[in-house]
J.: 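Pasting in a structure now, in structure tokens, and then I'll have a few things to ask.
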Number of protein chains: 2
Amino acid sequence: MDDQLSRVFAALADPTRRDMVARLTEADATVGELAAPYDVSVQAVSKHLKVLEEAGLVTRSRDAQRRPVHLEAEVFDLMTKWIERYRRRAEERYQRLDAVLAAMQEKESPARGTSTKEGPAS
Amino acid sequence: MDDQLSRVFAALADPTRRDMVARLTEADATVGELAAPYDVSVQAVSKHLKVLEEAGLVTRSRDAQRRPVHLEAEVFDLMTKWIERYRRRAEERYQRLDAVLAAMQEKESPARGTSTKEGPAS
DNA sequence: ACCTTCTTCAACTGATTGGTTGAATAACCG
DNA sequence: CGGTTATTCAACCAATCAGTTGAAGAAGGT
């Protein structure tokens, strides 16, 4: 797993990390703040953040001892682009398939209302 | 990792699986056909398909000895919904932030470009 | 029936993951 | 300087993952 798209998908495959991302859409937060609601150690959350950071989903700055975490929402576009691209292709294919089926209907229906489709000449 | 959203993200975190999904947008395919381009055993591809299937991304039917794999593109919507939801929230937040910054600019701008951040009132 | 084709199941392996605890680092507060 | 707070690093562990090989199932072809 080395490309960014893979890292982003993998990062969001974990419910805890998704929840952190969700909360970060509301406000930046420190590691400690992020860790508070979960029943795991701060270190574990720190590791989760590292995953999100390596995926490019968050960045961290420095404020005294704190390391505020900031969401980088642009990375979402990477996924959206991939998803939409292939969903569109899939949908186009369904349309082609529909056309083929319609053609078959027409051809192989030598008179006779063969159930559903009516395909009267046109 | 037990909810479907997690499974879908996890499934797509693998480049091989993404590529399989991409190819399935063009046409249904058998396990063997799907395996052909990759430098791994057919069994490995069969496992990948199981992951995609458990994520709800593909279904399999039966055609003689073959098990044609079919893409179920609707599941994409699950991800798109999640992503868009939080991206929208993040964007709204940026707008709020912009407003706040603009307000601060106006208020605290008695001369002085103090570059970075500055504790107001301190 | 046999044989071939396509696919999956089972067992094993090495790498990665998500968690732990304990020690180290970084920066502030007196 | 010493102490406190926030965070990370390091080592370890159990579970999962992605791959392997070998055997078993399932369905047709002859």
J.: Give the angle between the helix axes at the two ends of the helix from C:dA1-D:dT30 to C:dG30-D:dC1, taking five base pairs at each end and rounding to 10°.
T.: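 For the helix from C:dA1-D:dT30 to C:dG30-D:dC1, the axes at either end differ by 10°.
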J.: Donor-acceptor check, side chain of A:Arg17 to backbone of A:His48, threshold 3.5 angstrom: yes or no?
T.: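 The answer is no, because no donor-acceptor pair under 3.5 Å joins these two groups.
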J.: According to the interplanar angle, ranging from 0 to 90°, do the rings of B:Trp82 and B:Phe9 count as parallel (below 30°), tilted (30 to 60°) or perpendicular (above 60°)?
T.: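 B:Trp82 vs B:Phe9 ring planes: perpendicular.
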J.: Under 3.5 Å, is there a donor-acceptor pair between the B:Thr16 and B:Asp19 side chains?
T.: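 Distance-only check fails for B:Thr16 and B:Asp19.
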J.: For the residue pair B:Arg18 and A:Ser6, confirm or rule out a side-chain donor-acceptor distance under 3.5 Å.
T.: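 Yes, A:Ser6 and B:Arg18 have a side-chain donor paired with an acceptor closer than 3.5 Å.
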J.: Rounded to whole angstroms, how far apart are CG on A:Leu12 and P on C:dT17?
T.: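 To the nearest whole Å, that distance equals 15 Å.
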J.: Can you give one letter per nucleotide of nucleotides 5-12 of chain C, 5' to 3': B if a protein heavy atom sits under 4.0 Å from the base, S if only from the sugar-phosphate, - if neither?
T.: BSSBB-B-
J.: Given that A:Thr16 and A:Ala64 both sit by DNA chain C, which one's nearest nucleotide is further toward the 5' end?
T.: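 Result of the comparison: A:Thr16.
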J.: B:Glu72 pairs by side chain to side chain contact (heavy atoms under 4.5 Å, CB included) with which of B:Thr59, B:Val58, B:Leu24?
T.: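 That would be B:Thr59.
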J.: CZ of A:Phe9 versus P of C:dT17: gap in Å, rounded?
T.: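 Nearest whole value for this atom pair: 17 Å.
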J.: How far apart are the C-alpha atoms of B:Glu53 and B:Arg60, what are their side-chain angles, what is the distance that settles it, and do they pass the salt bridge (Lys or Arg N to Asp or Glu O under 4.0 Å) test?
T.: CA-CA 8 Å; B:Glu53 190 174 32; B:Arg60 281 130 133 178; 2.4 Å; yes
J.: Does OP1 or OP2 of D:dC17 have a side-chain N or O of B:His48 closer than 4.0 Å?
T.: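 Answer no for this pair, as no side-chain N or O of B:His48 is under 4.0 Å from OP1 or OP2.
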J.: Ignoring hydrogens and angles, tell me if any N or O in the side chain of A:Asp63 forms a donor-acceptor pair with the backbone of A:Arg66 under 3.5 Å.
T.: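 Looks like no, no N/O pair under 3.5 Å.
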J.: Looking only at atom types and distance, does a side-chain atom of A:Arg62 sit under 3.5 Å from a main-chain N or O of A:Ala64, one as donor and one as acceptor?
T.: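 Checking the backbone N and O of A:Ala64 against the side chain of A:Arg62, a donor-acceptor pair under 3.5 Å is found.
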J.: Identify, residue by residue, the members of residues 51-59 of chain A with a heavy atom below 4.0 Å from DNA chain D, and return them in order of residue number, or none.
T.: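 Under 4.0 Å from DNA chain D: no residue of residues 51-59 of chain A.
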J.: Starting from P on D:dA18, measure out to CG on B:Asp19 and report it in whole angstrom.
T.: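 Taking CG of B:Asp19 and P of D:dA18, I get 16 Å after rounding.
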J.: For the backbone of B:Val51 and the side chain of B:Glu54, can you confirm whether one donor and one acceptor N or O come within less than 3.5 Å of each other?
T.: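 No; judged by distance alone, with no hydrogens or angles, the pair does not exist.
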J.: Show the numbers, then the answer: is there a salt bridge (Lys or Arg N to Asp or Glu O under 4.0 Å) between A:Asp28 and B:Arg93?
T.: CA-CA 10 Å; A:Asp28 292 0; B:Arg93 186 182 152 224; 2.7 Å; yes
J.: May I have the distance from B:Asp2 (atom CG) to D:dT16 (atom P), rounded to whole angstrom?
T.: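 Answer to the nearest Å: 12 Å.
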J.: For A:Ser46 and A:Val42, indicate whether the former's side chain and the latter's backbone hold a donor-acceptor pair under 3.5 Å.
T.: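 Between the backbone of A:Val42 and the side chain of A:Ser46 there is no qualifying donor-acceptor contact (under 3.5 Å).
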